Number of protein chains: 2
Amino acid sequence: MSGPTRIPGRVPAAPPTLADVAERAGVSRQTVSNAVNNPELLRPDTLTRVQEAIAELGYLPNRAARNLRTRSSHLIGLRFSPAQEGTANATMDRFVHSLVETSREAGYHVLLFSGDPRDPLAGYDDLLRSTAVDAFVVTDTYLGNPQARWLETRRAPFVAFGRPWDKPDAPHAWVDVDGAAGCELATTHLIERGHRRIAWIGWRKDSWIGEDRRAGWTRAMRAHGLATTGLASRVEDTVHSGRSASAVLLDEADPTAFVCASDTLAMGVLHTLEERGRTPGRDVAVVGFDDSQVAQVVRPGLTSVRQPLEQVAVEIVEALSGLLGHPPRPPRQVLLTPTLALRGSS
Amino acid sequence: MSGPTRIPGRVPAAPPTLADVAERAGVSRQTVSNAVNNPELLRPDTLTRVQEAIAELGYLPNRAARNLRTRSSHLIGLRFSPAQEGTANATMDRFVHSLVETSREAGYHVLLFSGDPRDPLAGYDDLLRSTAVDAFVVTDTYLGNPQARWLETRRAPFVAFGRPWDKPDAPHAWVDVDGAAGCELATTHLIERGHRRIAWIGWRKDSWIGEDRRAGWTRAMRAHGLATTGLASRVEDTVHSGRSASAVLLDEADPTAFVCASDTLAMGVLHTLEERGRTPGRDVAVVGFDDSQVAQVVRPGLTSVRQPLEQVAVEIVEALSGLLGHPPRPPRQVLLTPTLALRGSS
DNA sequence: TCCTTCGACTGGAACGATCCAAGCCGGACG
DNA sequence: CGTCCGGCTTGGATCGTTCCAGTCGAAGGA
């Protein structure tokens, strides 16, 4: 009398369970469990017998049961925000892929969730309370990050992609890319190319990231004894702002090169140059930030600071497995250095 | 003697369980379960009492336990492939966000996994056998799709984003965007603008999607009694190919407009025009496909066929809940019509 | 010989939810 | 007044795994 739910052929055959494997291998359930999780506990001959049974039945542990027993889901929650329309930002795509890939190697999967963009906490609470994820990767830390503080009080494991700007010595784990170093790299590259009047177009002053990137430009200029006065502009992150800011700068300070806080702004500069009949890369150099697809396909190719997102993912997963390990390792803070993708615009 | 694992304050307090709620409300576990899943079975006063207890304790059902019992995870698996470097393709980002959003409304979460790009089946099997996901969304159907056939034999619920080109009457559920209609829309738009010699740059003949889009161009041309001979080119999906193909076409057929199978190819056309000192939109019109970020920020704005990805996501989730419902609804096939995002290039 | 130690394996309990069959209770009916 | 019925409620079993406390037999020491 097999139960009415298992009629092979009609209903998809139920996947084999530990008990099925145990029966086939002539051992107990626990032994099969050990064969899977602690193979060194078994005598070699028993181990191979069990492994054969596993292979023959195509057994794979049931996630739900394992999760229930171990109180962990081996899932990492990531709030997925799409790139804004009309900008060149495309970090998420590359980052998410790297994260998925790296997580897999560490035995984790990535669970996406969404939330009201106006409420940074939306979504986190439910997943946590229903024990749906083991940890979070928090990405949108650009304006303070209430998420981090909230997760800390909830004692929920998480790693932030982005520094806690509002509280630099916050103890939680984070991984970030040194935007200042990136812009310094870009500026130095331009100086080496012979440029002296290098302008900066960045974001409004309340953007920590923007100010950080700007500091890289300042640092490089100062290091080479070059003046920065009158050469900086701070605007919204749109193509249009980049265009008008560069037009003003060209009129007032006649720079021979631009370093921008984003590819979006850099595109604005390219627009201005085109309007004025000046060739990017020959007449005026332009460097963007993020190495977006736009930078790669636009003429003549936009030199851009490229974040090492693959390595960011590796470090994040490393930090996560530290937090979730037994015993847990203390949270780490990692700052990575970006590279410069050289193209025709410089 | 509370067990050693629950020392409030030191260890994060364990989330409340069904039993905790039951005790507080003075009812049995089953009653609480009913309050959550079948509230209409309870007497109104009992219901409110239970709901108060739930609210006070902040109870949320444990996912693992629920999954184990109901043999479903409320997770949808999606194999996440990143956009290729050097192209303008950016469909995934927008689509994934829409999917996450729509799934949430239907009570599902999206689980990302990755796989060897050379092995289209990698990843699916493990998730299925370990009952980690309830269903899949299959996206990369551009060259036949072994995934679909394989999932069918496994009787695994899935919805494809993309038609089964190699087997048009395959019974599985799919949602797709009518690329032919999109290119017809684009071509007709150009014809209305007065263009007569409109060239096509598409993908190699073995691309079903490419041939479908091309058919839209042909259809519009024929409908207006315009010749197509010598006006079509089929190449790889790279900016470089688009550039050289358009150069050849300009030399040999002198078209006044281009319709391209992708924004990447359209960017190639823009490059050629710029090299030759001809202004896109004024001298020669260009239309791309996908409404990528590139199309949005490049000068003078690239007119492009925009896939209704938000609606695709809605239809996919609709189809999924059909497949997973009780009783399941038969698989649906849905073809959506894209729109045209008008910009300066046409 | 007997006791201890140790490695290999076993059976029962538990994780926290849902399904199932049975129980309780008040009202209607004979 | 007893019985039946239907609406609510209940306790027990169950999903498939891992944890825990043991059992068993062989080896080693006194």
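Lettering of chains follows the sequences in order, A, B, ..., and the numbering in each one begins at 1. In this text, all values refer to a predicted model and were calculated from it rather than measured experimentally.
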Side chain of [X] only, please: which of [options] is the nearest?
{"X": "B:T70", "options": "C:dT18, C:dG16, D:dC20", "value": "C:dT18"}
{"X": "B:R29", "options": "C:dT10, D:dG12, D:dT9", "value": "D:dG12"}
{"X": "A:S33", "options": "D:dT18, C:dA8, D:dT9", "value": "D:dT18"}

So does [X] get a side-chain nitrogen or oxygen closer than 4.0 Å to the phosphate oxygens (OP1/OP2) of [N]?
{"X": "A:S28", "N": "C:dT10", "answer": "yes"}
{"X": "B:T17", "N": "C:dC15", "answer": "no"}
{"X": "B:N62", "N": "C:dC15", "answer": "no"}
{"X": "B:R66", "N": "C:dT18", "answer": "yes"}
{"X": "B:T31", "N": "D:dT9", "answer": "no"}

[X] has an atom [atom1]; how far is it from atom [atom2] of [N], in whole Å?
{"X": "B:L68", "N": "D:dT14", "atom1": "CG", "atom2": "P", "answer": "14 Å"}
{"X": "A:L42", "N": "C:dT10", "atom1": "CG", "atom2": "C1'", "answer": "13 Å"}
{"X": "A:R43", "N": "C:dC6", "atom1": "CZ", "atom2": "P", "answer": "19 Å"}
{"X": "A:N37", "N": "D:dT18", "atom1": "CG", "atom2": "P", "answer": "5 Å"}
{"X": "A:N67", "N": "C:dA17", "atom1": "CG", "atom2": "C1'", "answer": "14 Å"}
{"X": "A:Q30", "N": "C:dG11", "atom1": "CD", "atom2": "P", "answer": "11 Å"}
{"X": "A:H74", "N": "D:dT17", "atom1": "NE2", "atom2": "C1'", "answer": "13 Å"}
{"X": "B:D45", "N": "D:dT9", "atom1": "CG", "atom2": "P", "answer": "7 Å"}

Item checked: Heavy-atom donor-acceptor pair, B:R71 side-chain to D:dG16 base, under 3.5 Å -> no
Item checked: Any N/O donor-acceptor pair, B:R69 side-chain to C:dT18 base, under 3.5 Å -> yes
Check: In terms of side-chain geometry, is the basic nitrogen of B:R129 or B:D125 positioned less than 4.0 Å from the acidic oxygen of its partner?
Finding: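 Looking at B:R129 and B:D125, the cut-off is met.
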Notebook entry, point to check: With the threshold set at 4.0 Å, does a side-chain nitrogen-carboxylate oxygen contact exist between A:E315 and A:R332?
Noted result: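 A:R332 and A:E315: salt-bridged.
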Notebook entry, point to check: For B:R63, which contact category applies under a 4.0 Å heavy-atom criterion: base, sugar-phosphate, or nothing?
Noted result: nothing
Check: Got more than 12 heavy atoms from elsewhere within 6.0 Å of CD, A:E23?
Finding: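 No, CD of A:E23 has 12 or fewer neighbouring heavy atoms, counting only those of other groups under 6.0 Å.
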Checklist line | side-chain contact (heavy atoms from CB on, under 4.5 Å) partner of A:L78, the single match among A:V96, A:V100, A:V133 | finding: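 Single pass found, and it is A:V96.
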Item checked: side-chain contact (heavy atoms from CB on, under 4.5 Å) assessment of B:Y108 paired with B:L75 -> CA-CA 6 Å; B:Y108 287 88; B:L75 290 180; over 6 Å; no
